[in-house]
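To keep things clear, I will list the structure first and then write my remarks on it.
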Amino acid sequence: MPQQQLVSNKVMYGAKVPSKTSNGPSKGLPPTPDNDMKCQPISAVCPYNSALYKFTIHGIFEFDSGRIKARVTLKTPIKTWSNARGEGKLFSLNLVDESGEIRATAFNESVDKFYESLEMNKVYYFSNYSVKPANKNFSNVNHDYEITFNSSTQVSPCLNDSDVPTTQFNFIPINKIAENDPTSYVDVIGVCKNVGDVVTFTARTTNKELKKRDITLVDQSNTSVSLTLWGSQAEEFDDTNQPVIAVKAGRINEFGGGRSVSMTQASIMLVNPDIPEAHKLKGWFDNHGVTQETVNISARTGTGGVGFDGNWMSFKEVHDAQLGGGDKPDYFNCKATVLLVRSENATYRACPQVDCNKKVVDMGNDMYRCEKCQAEYPNFKYRLLLSMCLGDWTSNQWVTCFQEVAEEILGVTAQEVGTAENTDQNMYNSFFKNATFKSFIFKLRAKMEFYNVSSWCVCDERRLKVTIAQVKPINFKEYNNTLMDNIKKLSDIDFTKEV
DNA sequence: CCCCCCCC
């Protein structure tokens, strides 16, 4: 769409604007904009002052019509939607001035009108827009309201933009990320000390093929976190010279007790931004950080203190409620007893690299090949992948668990299990026998899996796959409190009164 | 008027 959509010489609502001048930018670009338009700060944008009247020293009324002067710090791609209420297209912007930030969204005709002309990092005047409350569930800019473009909305470029800041960050140290709730948004800054491969997979929900890449960020708290990049950002990421990465509005994810940050459509990533925090961080990393040991908060702990809150269920309740039938897995907590642990195929030989757990191929010459690392090693490490039957007072359930959880339940390391398997079959068997009839508090992940039994008749077999996300010993005082809470909820009896 | 942001 043409640049002319950005009107700079039109006067709206009688605002005082100099006439069009001849010394504008080169041909094809908008004429020299008016840099003297009255504006309100972004922090003051609300539905009730989108037209402000002012009494000037000249004794006349001026309108500033809620005009703002703002830098575009995020411009999303055009997104189309189709739902029960209709279909359409939209894009959104993050707008920043010295007072704050706000999100603006353009729908349908406004997309055609403004999408091409508005450029990242440039400053514009915006006026005659609609204002509505921001939905805090989805908002990741710090403002109570958001702007919607309408048919009267005017946008004009502003070249006198030195007073308008760039992206505003509110960084938190990486070691504080886990204190925030999963699915909330945070700003983080870190040195990219590691990059993973680009991984392609098919999304369960949309069947779309997706590309992702995890990179590892570290900061002065000597803590590292995994940042997930998507699509072209994943493919084009360049980790040359361990750049500083600043992320605004990254989404916190929880997996297996660890936390990671993921880019979303509304996140902003800057590589080596020219901001004080970045220079300080790079200085720290080059002098100290590069050799420091770090705690990785994205590691799956299996036993971490995260997330036993909420959903307590018995196995019968889980089955009755058809848990795991949705698009996403369901999590529940329960107290259960190990009834049986399968000793067959409990261990596998994995790549010896610290961050790689890929199964290795025995080359037959005392060398083991990892396809992921594309390397051969003279050694390997044992890892556990256990299948076991758990029982509670209502029913039982087969579950699987991995390394850390399996070690916690067996009470021995994967290495000990693997060694015993080859040297002492009695000891090996005893590891599994000893685990039976132990009770724990489990956090379990349930997801229904479907098997197409036959291609010529529609006959889908379904099976509930349950994985242990976390395990911990039973703290009876704490568990009894949980039971008491349940009883209170089920009862009208006031337990706080003496009987 | 979107608000899904994906996977282990």
Side-chain angles (χ1 to χ4, degrees), chain A residues 74-94 103-112 115 129-141 146-151 153 182-185 196-215 226-234 247 249-269 298-302 326-329 331 350 355-359 372 383 385 400-405 445 447 449 465 467-470:
Chain A
L74 174 75
K75 177 187 173 187
T76 70
I78 296 172
K79 181 203 156 181
T80 58
W81 83 87
S82 175
N83 60 30
R85 286 189 293 268
E87 54 184 66
K89 58 182 173 183
L90 69 100
F91 75 99
S92 61
L93 305 169
N94 281 9
R103 186 166 81 142
T105 306
F107 292 95
N108 302 322
E109 305 79 37
S110 298
V111 175
D112 299 333
Y115 187 77
Y129 44 79
S130 308
V131 179
K132 64 170 189 179
N135 185 334
K136 291 284 179 183
N137 293 330
F138 304 109
S139 172
N140 43 37
V141 299
E146 56 186 45
I147 285 172
T148 304
F149 287 19
N150 59 43
S151 57
T153 297
T183 80
S184 66
Y185 294 89
D197 296 328
V198 176
V199 177
T200 304
F201 66 95
T202 305
R204 262 191 279 115
T205 47
T206 57
N207 254 4
K208 265 196 284 184
E209 189 172 273
L210 299 168
K211 285 184 164 62
K212 71 145 201 174
R213 170 184 259 182
D214 287 335
I215 70 173
S226 172
L227 172 70
T228 307
L229 312 180
W230 299 93
S232 56
Q233 197 166 49
V247 174
R251 186 185 152 99
I252 301 178
N253 288 319
E254 188 268 329
F255 179 64
R259 298 290 168 89
S260 65
V261 176
S262 180
M263 294 295 287
T264 78
Q265 196 81 275
S267 307
I268 300 171
M269 182 180 85
S298 302
R300 281 179 263 173
T301 62
D327 291 334
K328 293 201 171 179
Y331 288 85
D355 291 322
C356 182
N357 296 322
K358 181 88 181 155
K359 189 175 178 177
K372 192 177 171 195
R383 286 187 62 87
L385 199 171
T400 53
C401 67
F402 299 95
Q403 187 72 357
E404 296 82 2
V405 169
R445 173 191 196 267
K447 182 81 185 77
E449 291 198 332
K465 184 171 167 66
T467 312
I468 306 176
Q470 291 175 63

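Naming: A, B, ... by sequence-line order, numbering from 1 per chain.
- Across all strands, Lys132(A) comes closer than 4.0 Å to base atoms (heavy-atom distances).
- Among the heavy atoms of the strands lying under 4.0 Å from Ser262(A) are primed sugar atoms or P, OP1, OP2 only; no base atom is included.
- Close to dC6(B), at under 4.0 Å from its OP1 or OP2, lies no side-chain N or O of Thr202(A).
- The phosphate of dC8(B) has neither OP1 nor OP2 within less than 4.0 Å of any side-chain N or O from Asn357(A).
- Taking atom NZ on Lys208(A) and atom C1' on dC4(B), their separation rounds to 8 Å, with Å as the unit.
- Taking the side chain of Thr228(A) as heavy atoms from C-beta on, and the options dC2(B), dC5(B), dC7(B), the nearest nucleotide is dC7(B).
- Counting to the nearest Å, the C1' atom of dC5(B) and the CD1 atom of Ile252(A) are 16 Å from each other.
- Taking only side-chain nitrogens and oxygens, Asn83(A) comes nearer than 4.0 Å to OP1 or OP2 of dC2(B).
- Per the geometry, CG belonging to Asn140(A) stands 17 Å off P belonging to dC2(B), to the nearest Å.
- Rounded to an integer number of Å, the gap from CD of Glu109(A) to P of dC1(B) is 15 Å.
- The phosphate of dC6(B) (OP1 or OP2) has a side-chain N or O of Arg251(A) nearer than 4.0 angstrom.
- For the pair Lys465(A) and Thr400(A), the minimum side-chain heavy-atom distance is below 4.5 Å.
- Stacking here means ring centres nearer than 5.5 Å and ring planes tilted less than 30 degrees, and by that measure Trp230(A) does not stack onto dC6(B).
- Whole-Å rounding puts the Lys358(A) NZ to dC7(B) C1' distance at 14 Å.
- For Phe107(A), whose side chain is taken as the heavy atoms from C-beta onward, the closest listed nucleotide among dC6(B), dC4(B), dC1(B) is dC1(B).
- Shown here for Thr76(A) and Gln265(A), the closest heavy-atom pair between the two residues is CG2-O, 3.9 Å.
- Computed from coordinates, the Asn94(A) CG to dC2(B) P distance equals 19 Å when rounded to whole Å.
- Considering only heavy atoms from C-beta on, Asp112(A) comes within 4.5 Å of Lys89(A) through its side chain.
- Rounded to an integer number of Å, the gap from Arg103(A) CZ to dC1(B) C1' is 12 Å.
- The distance from atom CZ of Arg445(A) to atom C1' of dC8(B) is 8 Å, rounded to the nearest whole Å.
- Closest to the Arg85(A) side chain, of the nucleotides dC2(B), dC5(B), dC8(B), is dC2(B).
- Note that OG1 of Thr153(A) and CD of Glu109(A) are 11.5 Å apart. Values are rounded to the nearest 0.5 Å.
- No donor-acceptor pair under 3.5 Å is formed between the side chain of Thr148(A) and the backbone N or O of Thr105(A).
- Checking dC7(B), dC5(B), dC2(B) against the side-chain heavy atoms of Phe201(A) singles out dC7(B) as nearest.
- Judged by distance alone with a 3.5 Å cut-off, no donor-acceptor contact links the side chain of Gln265(A) to the base of dC2(B).
- The Thr105(A) side chain lies nearest to dC2(B) when the options are dC8(B), dC7(B), dC2(B).
- Which of dC7(B), dC4(B), dC1(B) sits closest to the side chain of Lys212(A) comes down to dC7(B).
- Counting only distance, with no hydrogens or angles, the side chain of Ser82(A) and the backbone of Glu87(A) share no donor-acceptor pair below 3.5 Å.
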